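Data first, discussion second: the structure below is written as structure tokens.
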Protein chains: 2
Amino acid sequence: MDQETRGPGRTGKRAPYANGAKKRAELVEAAFRVFAEKGYLGLSIRQIAEAVGTSHTALLHHFGSKEALLEAVLVLREEREGPWRQELISEKGLLETVPAVMRHNAGIRGVIHLDATLRAEAISPDHPAHHFLLRRNQDFVDSVQSELERELAAGRLREGFPPAVLARQITALVDGIQLSWLYDESVDMAEHLQGFMDLIKKT
Amino acid sequence: MDQETRGPGRTGKRAPYANGAKKRAELVEAAFRVFAEKGYLGLSIRQIAEAVGTSHTALLHHFGSKEALLEAVLVLREEREGPWRQELISEKGLLETVPAVMRHNAGIRGVIHLDATLRAEAISPDHPAHHFLLRRNQDFVDSVQSELERELAAGRLREGFPPAVLARQITALVDGIQLSWLYDESVDMAEHLQGFMDLIKKT
DNA sequence: GTCTATACTGTGATAGAC
DNA sequence: GTCTATCACAGTATAGAC
């Protein structure tokens with residue numbers, strides 16, 4: 001949650017996670033792999049700990065709660081994929097990037113499953129991951145919207161459809177299609193997003 | 001789940017739920033009201049039982065499991081709203097009905113919350129409500145698709161966009177926008193669905 | 001700082017008395 | 001049909017060993 005910018009703990013005493021940051025990072029990494037490979041099927045922290053190779057209390061020592069661990073996994077994913085997405089956007093533009101992201105997501109089912117589950121669980125404002133997920137979603141909407149404004153200014157979009165609405169539609173479509181796909185993998189996520197891009201493109 | 005057509009139990013002995021059906025229906029009705037009014041916030045069956053006015057074991061006796069109760073609530077909702085939706089479609093057509101349904105859903109937040117939560121929880125195929133939700137979703141996609149084909153044949157839709165893809169996009173958009181709205185009620189669900197309808201309409 | 005051991009509360013579920 | 005125990009399991013909190 002609150003990992004302020006702070007150099008790798010040289011002093012080794014004052015700050016929490018001064019040396020523990022390394023161990024913590026390993027655990028998140030391992031947990032990420034467990035989710036990505038074995039999927040998210042209502043795993044208890046005891047099961048996660050076993051798959052990762054520690055005790056469940058050790059996990060809690062580093063993360064404080066189960067939800068905090070789950071959130072840390074999603075943060076890791078964001079850190080890992082954010083730059084890659086941004087690069088792809090500036091290379092190929094938004095209209096090609098979104099379907100490409102969907103193709104990529106089809107390869108990390110467990111993480112997408114975790115994402116969908118946590119997002120529904122965290123609807124209540126007092127859920128520990130609520131604000132993180134709300135912010136992440138809003139950031140995504142904002143980033144899509146600014147790209148849409150660029151495309152619109154370049155004359156590549158149909159007129160009369162406000163980017164703010166289109167941005168939220170795209171975001172919602174991603175969420176909804178991922179849910180559909182989690183229920184039935186024969187749903188082609190990229191195709192459905194590509195279809196939407198074709199709808200808003202100037203003919 | 002398996003409420004076959006069966007007259008109100010006259011004999012009062014052989015069939016399960018012969019007399020219990022009345023009590024069961026009351027319980028579902030009460031549970032529905034609890035969700036619609038107080039919202040779904042990780043309620044335990046003990047809390048639901050208290051709000052409904054029974055013991056949690058009585059609920060389990062009638063429904064077998066918590067998920068079965070939740071599913072029964074969604075079945076009740078389907079039975080209640082299905083006919084209304086169908087009527088609206090034949091009156092106003094699909095393009096006006098979908099936004100109208102979103103306006104209606106904005107008035108039953110707790111049920112929408114329950115729906116979103118259960119849908120994410122039931123992704124795993126061995127979840128008790130998995131097949132019900134998969135079928136309900138597929139039925140919705142099919143029904144939207146056949147309406148789109150009618151609209152297309154009537155010349156009211158842009159050409160080159162297969163109804164099968166559009167139908168799934170609309171379904172996913174409904175799911176995704178409802179999620180967005182659960183996080184932030186200032187999101188206008190009807191507006192976003194109306195916007196999509198405008199995108200696929202023939203100009 | 002890191003981890004183990006242990007116990008506490010609440011969950012969904014089951015068995016059996018009435 | 002309903003209620004009283006009781007169950008195994010969940011997430012969590014704390015004390016203390018290394």
Side-chain angles (χ1 to χ4, degrees), chain A residues 1 3 6 8-31 34 40-73 114 117-118 121-122 124 126-129, chain B residues 8-9 11-28 30-31 34 40-73 114 117-118 121-122 124 126-130:
Chain A
M1 250 322 214
Q3 47 228 50
R6 171 201 296 149
R10 238 182 358 90
T11 68
K13 62 151 104 150
R14 218 186 118 264
Y17 306 150
N19 282 339
K22 186 161 162 289
K23 185 72 184 191
R24 185 190 146 101
E26 286 175 14
L27 289 174
V28 183
E29 182 70 43
V34 170
Y40 177 90
L41 46 146
L43 284 84
S44 68
I45 45 176
R46 285 170 174 86
Q47 289 174 295
I48 300 172
E50 189 183 7
V52 158
T54 10
S55 64
H56 80 280
T57 45
L59 276 184
L60 285 180
H61 169 71
H62 284 284
F63 298 95
S65 78
K66 182 191 182 185
E67 306 298 340
L69 168 61
L70 266 35
E71 187 179 324
V73 170
L114 166 63
T117 307
L118 200 54
E121 279 175 1
S124 305
D126 49 340
H127 187 286
Chain B
T11 68
K13 62 150 103 147
R14 216 185 120 264
Y17 306 150
N19 281 339
K22 186 162 162 290
K23 184 74 184 193
R24 185 189 147 102
E26 286 174 14
L27 290 174
V28 183
V34 171
Y40 177 91
L41 45 147
L43 283 82
S44 67
I45 44 176
R46 284 171 175 85
Q47 290 174 294
I48 300 172
E50 189 183 8
V52 157
T54 9
S55 63
H56 83 279
T57 45
L59 277 183
L60 286 178
H61 169 72
H62 283 284
F63 297 95
S65 78
K66 181 192 182 185
E67 305 300 338
L69 167 62
L70 267 35
E71 188 180 324
V73 170
L114 166 62
T117 307
L118 199 54
E121 279 176 359
S124 305
D126 48 339
H127 187 286
H130 177 83

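Computed from a predicted model, the values in this text were never measured in an experiment. Below, chain A is the first sequence line, B the second, and so on; all start at residue 1.
Shown here are the side-chain hydrogen bond (donor to acceptor under 3.5 Å, both in side chains) partners of S65(B), two or more places apart in sequence or in another chain: there are none. For the side-chain hydrogen bond (donor to acceptor under 3.5 Å, both in side chains) test, residues two or more places apart in sequence or in another chain that qualify with Q47(B) are S44(B). In this structure, the salt bridge (charged side-chain N to carboxylate O under 4.0 Å, His left out) partners of E29(A), at least two apart in sequence or on a different chain, are R80(A). Shown here are the ring-ring contact (aromatic ring centres under 6.0 Å, His included) partners of H56(B), two or more places apart in sequence or in another chain: there are none.
When rounded to the nearest whole Å, the span between NZ of K23(B) and C1' of dC3(D) equals 13 Å. Protein atom NE2 of H62(A) is 16 Å distant from nucleotide atom P of dT12(D), rounded to whole Å. Whole-Å rounding puts the L59(A) CG to dA13(D) P distance at 15 Å. Here the P atom of nucleotide dG1(C) and the CG atom of L27(A) are 17 Å apart, to the nearest Å. The separation between H61(B) atom NE2 and dG1(D) atom P is 6 Å, rounded to whole Å. Atom CZ in F63(A) sits roughly 12 Å away from atom P in dT2(C) (whole-Å rounding).
Listed here is the closest heavy atom pair of A31(A) and V52(A): N-CG2, 3.9 Å. Of all heavy-atom pairs spanning F63(A) and A72(A), the tightest one is CE2-CB, 4.0 Å.
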Reading 5' to 3' through nucleotides 9-18 of chain C, protein heavy-atom contacts under 4.0 Å coded B for base, S for sugar-phosphate only, - for none
--BBBB----
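Remark: DNA chain C takes part in the stems C:1-8 with D:11-18, C:10-18 with D:1-9, each of 3 or more antiparallel Watson-Crick or G-U pairs, criterion distances under 3.5 Å.
The side-chain heavy atoms of L70(B) and T117(B), taken from C-beta on, include no pair separated by under 4.5 Å. Side-chain atoms of E121(B) and L118(B), non-hydrogen and from C-beta on, do get closer than 4.5 Å to each other.
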